[in-house]
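What follows is a set of notes on a single structure, which appears directly below.
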2 protein chains.
Amino acid sequence: MADDGINEDGARVTIRTVAADAGVSVAAVSKVLRNAYGVSEALRTKVETSIERLGYRPSVAARGMRGQTFTLGVMLVGIDNPFLPSVYRGIESVTEKAGYKIMVGLGAARKETEVRLIEQMIDNRMDGIIIVATQLGGEVLESYAQKIPTVVIGHHEATAQQFDTINSDDVTGAELAVEALIKRGHKDIAMVALGLRRKNMADVSPQRERGYQRAMQRAGLAEYARIIQFPTADLPRGEAINALLTSPQRPSALFCWSDLDAIPILNAAVEAGLSVPDDLAIVGYDNSPVAALPLISLASIDQDGERMGRVGAEALFSRMAGRKVPEHILIRPTLIPRRSLYRPTV
Amino acid sequence: MADDGINEDGARVTIRTVAADAGVSVAAVSKVLRNAYGVSEALRTKVETSIERLGYRPSVAARGMRGQTFTLGVMLVGIDNPFLPSVYRGIESVTEKAGYKIMVGLGAARKETEVRLIEQMIDNRMDGIIIVATQLGGEVLESYAQKIPTVVIGHHEATAQQFDTINSDDVTGAELAVEALIKRGHKDIAMVALGLRRKNMADVSPQRERGYQRAMQRAGLAEYARIIQFPTADLPRGEAINALLTSPQRPSALFCWSDLDAIPILNAAVEAGLSVPDDLAIVGYDNSPVAALPLISLASIDQDGERMGRVGAEALFSRMAGRKVPEHILIRPTLIPRRSLYRPTV
DNA sequence: TGATTTACGTAGAACGGTGCACAAACGGCG
DNA sequence: CGCCGTTTGTGCACCGTTCTACGTAAATCA
């Protein structure tokens, strides 16, 4: 049984081979493959038997030239971001059921690379793309979205027309964090945000800054509110952390835009002899697996990435099916309390 | 300037559009694209100008039907394994220079999924594939490798004929870990290994077990040697960890096949009131970023994943260029000492 | 100068599918 | 029995490239 797509002559098994074997036309085989209209049960079984026997596999490349490829492109910022695996799992769970394949592009958070990947996916004739946590601007996204059904996850563009967006409600998430700290008696609560070259409200960090500001204001703590812009993740943050911890105005509590920053800060604080949460309480964002480790035990906001992935994939399918009006979905995050927020009552 | 591959009529810009615009034949444009032999400087600039002006982008799908796609497939076990990002970076650094694109498949460590992904890559007419840390058997790999140039990273198949392998020298890595523990005065050193349904020497864990055994024997500690098989990563390991830590035969030191297990064990040990490294010294494997956190400070064996990726990509290119004889490369790992191995002399 | 080589460019058949337009077969009905 | 509408299956143009085979003009050689 040649299930490697190559028959005994070493020639590739194509749709024509199958047609000849089944004694039908090429068009008939194609119809069966796409389960198109107008195939009798008899024909279908005949063709499927031949396909099975010959181990035929349709060429995606050839398909892509006219019809669908049944493949979706998923662009992720990078492989090491703790929030992505769950989003990916969510997407996968939906696409698998629908019989679609996924092709992943890893973006490394560089605009140039991201553009290249999107174009690559278009060139490869993906049926649709999901873009997760991109740095790209709304105009660029709109222009790509005209050419290929697009869903964007983790990037706030609530007015986008050509594509859908799925986001955690980052404002609410930040409010949850700050309110929890206030409830523990904190007043002097600072925030660590992502210091971007060019501030863009579409990114998650500014959204969380807004939530922070709101919650502080509502609690009458506006005078304490201050946002510390941290250098981007790949730069050395050691100095910034040091400055923060040794400052005479060191806050009593910290809300951190991401676990990516919260975890190193928490580590540095303990190393410096501070007690967490007594000297410094910390709440992060993303609920990454590391935060859950007992030695870290970092309270964090959970985005339910899996659900975001699922919802995103579903939106993409409905868009591929012809929906034109954009959907902009917010998903409510939850607070995961841990030791960095309060000392458990033993 | 229409740089979106669609001209003002809304029609797709194809090689024919470019040919017409430049006033040359389709074949000529194709030659320029592939920088094939027999193009004058004049022709080349003429064509390149048109390409630029029209914003033409060749269709990978159409290309795949006859020629190369200039795209490589990279199959990764999963997105959350700490060792993969560095391997990926290594691969990327080489392919980028060569002007090749990468398409990633995420395998989730399920054989069925992995097979599907490899076939998908063949269907998509990748020019070659790199498979990282697969569960698949040697025969399966050989059969795929006949159809597409293949390099396997992190899977020991030293006798494979059809594909190349790049591996960390896992035996030596384990020896390094055990010798370091012996040097710190430990005798009762146990090992935690990955408990596979079907033991396969191609996997990394058994290789490390062999290195452990050797080092123990060479030091005359064979009587102490014992290997504890842990359930695979996705199952709850809490019980296994508990049993290990509360056993009356608790060893004084532990060599762990992966940080994936070492980190939870270290956490549990400290939670249980043990002192690391005094009551229990631990050395892990992979040197994952979490191991480096001060609060964790887990000694670990570093595989230099980036180098493995680079070497793997280079091997793939040379194989695509026609090399037939297989290469099986071992890369020497190094020990990264941290607090879980020895208390620093202050 | 004629013969041969070299360089450049072109025509047109692949490649492996899709999908439209149409033919054939079938059954129901007046 | 002839007419008509509905299935079911087929022929063929097409998708956007590559690549072989070949034509032509210029350059080199004897």
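Numbered from 1 within each chain, the chains take letters A, B, ... in sequence-line order.
Of the candidates A/Asp21, A/Thr45, A/Thr17, A/Ser50 forms a side chain to side chain donor-acceptor pair (under 3.5 Å) with just one, namely A/Asp21.
Between A/Thr71 and A/Met126, the closest side-chain pair of non-hydrogen atoms falls below 4.5 Å. Residues A/Val60 and A/Phe70 fail the side-chain proximity criterion, which asks for heavy atoms closer than 4.5 Å. Between B/His155 and B/Phe163, the closest side-chain pair of non-hydrogen atoms is not below 4.5 Å. Contact of the A/Pro58 side chain with the B/Asp123 side chain is not registered, since no non-hydrogen atoms from C-beta on lie closer than 4.5 Å. The closest side-chain heavy-atom distance from B/Leu316 to B/Ile91 is not below 4.5 Å. When side chains are defined from C-beta on, A/Asn124 does not count as touching A/Thr69, because their heavy atoms never get closer than 4.5 Å.
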Under the criterion side chain to side chain donor-acceptor pair (under 3.5 Å), I'd like the reasoning laid out for A/Ser30 against A/Arg34: C-alpha separation, chi angles, the key distance, then a yes or no. CA-CA 6 Å; A/Ser30 175; A/Arg34 297 172 286 134; 3.0 Å; yes
Atom pairs and distances, donor-acceptor, side-chain atoms in residues 99-115 of chain B, under 3.5 Å, two or more places apart:
residue  : atom : partner  : partner atom : Å
B/Tyr100 : OH   : B/Gln68  : NE2          : 3.3
B/Glu114 : OE1  : B/Thr134 : OG1          : 2.6
B/Glu114 : OE1  : B/Gln135 : N            : 3.2

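For B/Arg116, the CZ atom counts as densely surrounded, since its 6.0 Å shell holds more than 12 non-hydrogen atoms of other residues, nucleotides or ligands.
Between its opening and closing five pairs, the helix from C/dT1-D/dA30 to C/dG30-D/dC1 changes axis direction by 50°, a value rounded to 10 degrees.
Near DNA chain D, meaning a heavy atom under 4.0 Å away, the residues from residues 36-46 of chain A are A/Tyr37, A/Gly38, A/Val39, A/Ser40, A/Leu43.
Close approach of DNA chain C to chain A, defined as any atom under 4.0 Å from a non-hydrogen atom of the protein, starts and stops at C/dG16 to C/dG19.
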Heavy-atom contacts, protein to nucleotides 14-26 of chain D, under 4.0 Å, summarised as B (base), S (sugar-phosphate only) or - (none) per nt, yield BBBBBB-------
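At least one donor-acceptor pair closer than 3.5 Å links the side chain of A/Arg319 to the backbone N or O of A/Gln162.
Residues meeting the salt bridge (charged side-chain N to carboxylate O under 4.0 Å, His left out) test with B/Asp304, sequence neighbours left out: none.
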